[in-house]
Amino acid sequence: MTSVNRQSAWFRALGLLLCCLQVTGCRNDESGSDSAALQKQQIEGPTMGTTYHITVCSPAADKVDTGQLKQDIDQLLVEINQEMSTYIKDSELSLFNQAEPDQWLPVAPAVVKVVAAGLKLSEDSDGAFDMTVGPLVNLWHFGPDPGKKTLPADEKIEAARKKVGYHHIQVQESPAALKKLIPDVYVDLSAIAKGYGVDAVAELIESRGIENYLVEIGGEMRARGINQRGEAWKVGIEKPVSETRVVQKIVPLSNLSMATSGNYRNFFEVDGVSYSHTIDPRTGRPATHGLASVTVVGETCMNCDAIATCLMVLGPAEGYNWVQERDIAAYFIVKTDAGFTERFSPAWQKQFGEEQ
C-alpha cells in the first residue's frame, strides 16, 4: 500500500467514512487586528489512503518550522503504516495475519496498544466491535475486491463467521507480541488505527512545544488550545446524505478528539432492499437499523474512532443506552420515514449545552 492508494483498507474502514468537514475558524495571517497575536500555519499531505490536514496557531515570535514538522509527521505516518497496514505485505500486522497459530509474534508496542484497546472495546460491547470481521466484510462485497453485488448464501455466511472472533486474538505487553489461536483469523485495524494516527501526530506536535493545533486525518480529529481568533476550534459534522456534502452541525472543539462514522455512502441494493457496509459481527449480516451517522467526542481519537464504529453496529437504541451507561459524549443522526432526527447522549449535552 502506498499512502496515496485510495483503495486502501484505511479508506474503506468499517464505518469510517469521511463524515467530518474541517471548519477551523482561523483567518489568514494578514487578517484583522483581533487575530494579530496568533499566526496560522498549515500542513497537509496524503496518508492511509486519504489525506491529513494540520493547522497550528502560535505567536509570530514562535513561528513553527513547518518544513521540519511536516517531515517528522510524514515519517511518523510511514512508520504507523508499516506497523498496522494490511495493504503492505511485510507490515507487522500483515506478517501476523500470515503467521501460524499458537505462537507469539513480536510487534511494535504501538501495535499491541491499538489491538489491546480494540479487544477491550470488543469485550465491553459483547462483540459489536470486532477487528477480525474482515472475512464477513469481504463476503458482503465491501472489501478490497467488491465484485458483483449479490447476497451471500447462508452457508457461506456461517463459514465466514467461523473465521471471525476477537477471542481468537491474544496480546502480550512485555515483550510486545500478538498471538492467534486459529489459522484463519485476520486482524484489520482500519476501524481504530486512523484515530491512533491522529493521537500520535498530536503528541508529536505537542512535543515541539506547540499549544494550539487541529489535527485531522480522513475526518477524524483532535484539537488543543485555540484558533487564530482566540476561540475553540470549529469543526463541522456532515449531513448524512449521499447526493451532496453539507455541514449538519458545527461543534467547538478544544482539548478533545472527535470521530464520525456513517452508513450513507457505502451500500448496495438488491430487489429494493439496501445493505449497508456496517457488518454486525454478532450476526454476520449488515446492520438493519436506521442510524445514519454517529459522532463521538472524547479524550483520545483512537477510542472515539473505535467507539463510533461500534455504535454504528449497535444502532440508535442499543447504542444510545450503551453510551449513556458509560458517560460517553455521542451525537446520533437517525434516518426515519419523515427525514432525519437528532439525539444527544447526556454527556454530549453536558459538554456542548445541547437540548433534545
Side-chain angles (χ1 to χ4, degrees), residues 9-10 12-16 83-87 91-107 111-145 151-173 176-196 261 275-289 302-303 305-315 318-319 322:
W10 306 89
R12 291 180 309 164
L14 299 178
L16 294 179
E83 292 169 349
M84 305 183 197
S85 171
T86 57
Y87 271 67
S91 74
E92 294 187 10
L93 187 62
S94 292
L95 293 177
F96 170 73
N97 285 332
Q98 299 163 30
E100 296 297 320
D102 299 316
Q103 62 182 20
W104 289 105
L105 184 72
V107 295
V111 177
V112 167
K113 178 179 180 178
V114 173
V115 172
L119 293 178
K120 183 177 184 298
L121 180 58
S122 296
E123 290 280 358
D124 197 28
S125 65
D126 294 325
F129 181 84
D130 196 324
M131 298 170 293
T132 72
V133 75
L136 288 165
V137 175
N138 294 338
L139 183 64
W140 282 92
H141 314 293
F142 292 111
D145 184 15
L151 302 184
D154 289 346
E155 56 268 25
K156 289 188 176 182
I157 295 175
E158 292 308 309
R161 289 185 69 190
K162 293 179 180 178
K163 302 177 183 179
V164 173
Y166 65 91
H167 51 281
H168 297 309
I169 303 297
Q170 294 182 350
V171 298
Q172 175 180 278
E173 291 188 1
L178 301 179
K179 180 168 72 173
K180 63 170 70 172
L181 302 182
I182 62 173
D184 294 329
V185 72
Y186 181 92
V187 175
D188 187 333
L189 300 178
S190 54
I192 186 172
K194 189 166 60 174
Y196 169 79
S261 291
Y275 297 89
S276 82
H277 79 296
T278 300
I279 306 299
D280 189 336
R282 303 169 298 179
T283 65
R285 291 168 166 79
T288 57
H289 51 68
M302 177 180 69
N303 288 336
D305 194 357
I307 291 171
T309 298
C310 179
L311 294 177
M312 287 306 303
V313 173
L314 292 174
E318 187 180 1
W322 190 87

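Residues meeting the side chain to side chain contact (heavy atoms under 4.5 Å, CB included) test with E173, sequence neighbours left out: V112. K120 is linked by a side chain to side chain contact (heavy atoms under 4.5 Å, CB included) to nothing, counting only residues two or more places apart in sequence or in another chain.
A128 approaches L314 most closely through the heavy-atom pair CB-CD2, 3.6 Å. Here the closest heavy-atom approach between residue I169 and residue V185 is recorded as CD1-CG1, 3.8 Å.
Considering CD1 of I307 and CE of M312, their distance stands at 15.0 Å, rounded to 0.5 Å. Taking CZ of F96 as the start and OG of S91 as the end, the distance is 11.5 Å to the nearest 0.5 Å. Atom-to-atom distance recorded for D305:CG and S261:OG is 6.5 Å, nearest 0.5 angstrom.
A distance-only check finds a donor-acceptor pair linking the side chain of K180 to the backbone of A99 [under 3.5 Å]. For W104 (side chain) and A176 (main-chain N/O), no donor-acceptor pair under 3.5 Å exists by modelled atom type. Side chain of S122 to backbone of G127: no donor-acceptor contact under 3.5 angstrom is found.
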Just list the side-chain donor-acceptor pairs under 3.5 Å for residues 154-166, sequence neighbours left out, or say none.
unit_1	atom_1	unit_2	atom_2	d
D154	OD1	R285	NH2	2.8
R161	NH2	R282	O	2.9

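Taking 4.5 Å as the limit, some side-chain heavy atom of L189 sits within range of a side-chain heavy atom of M131.
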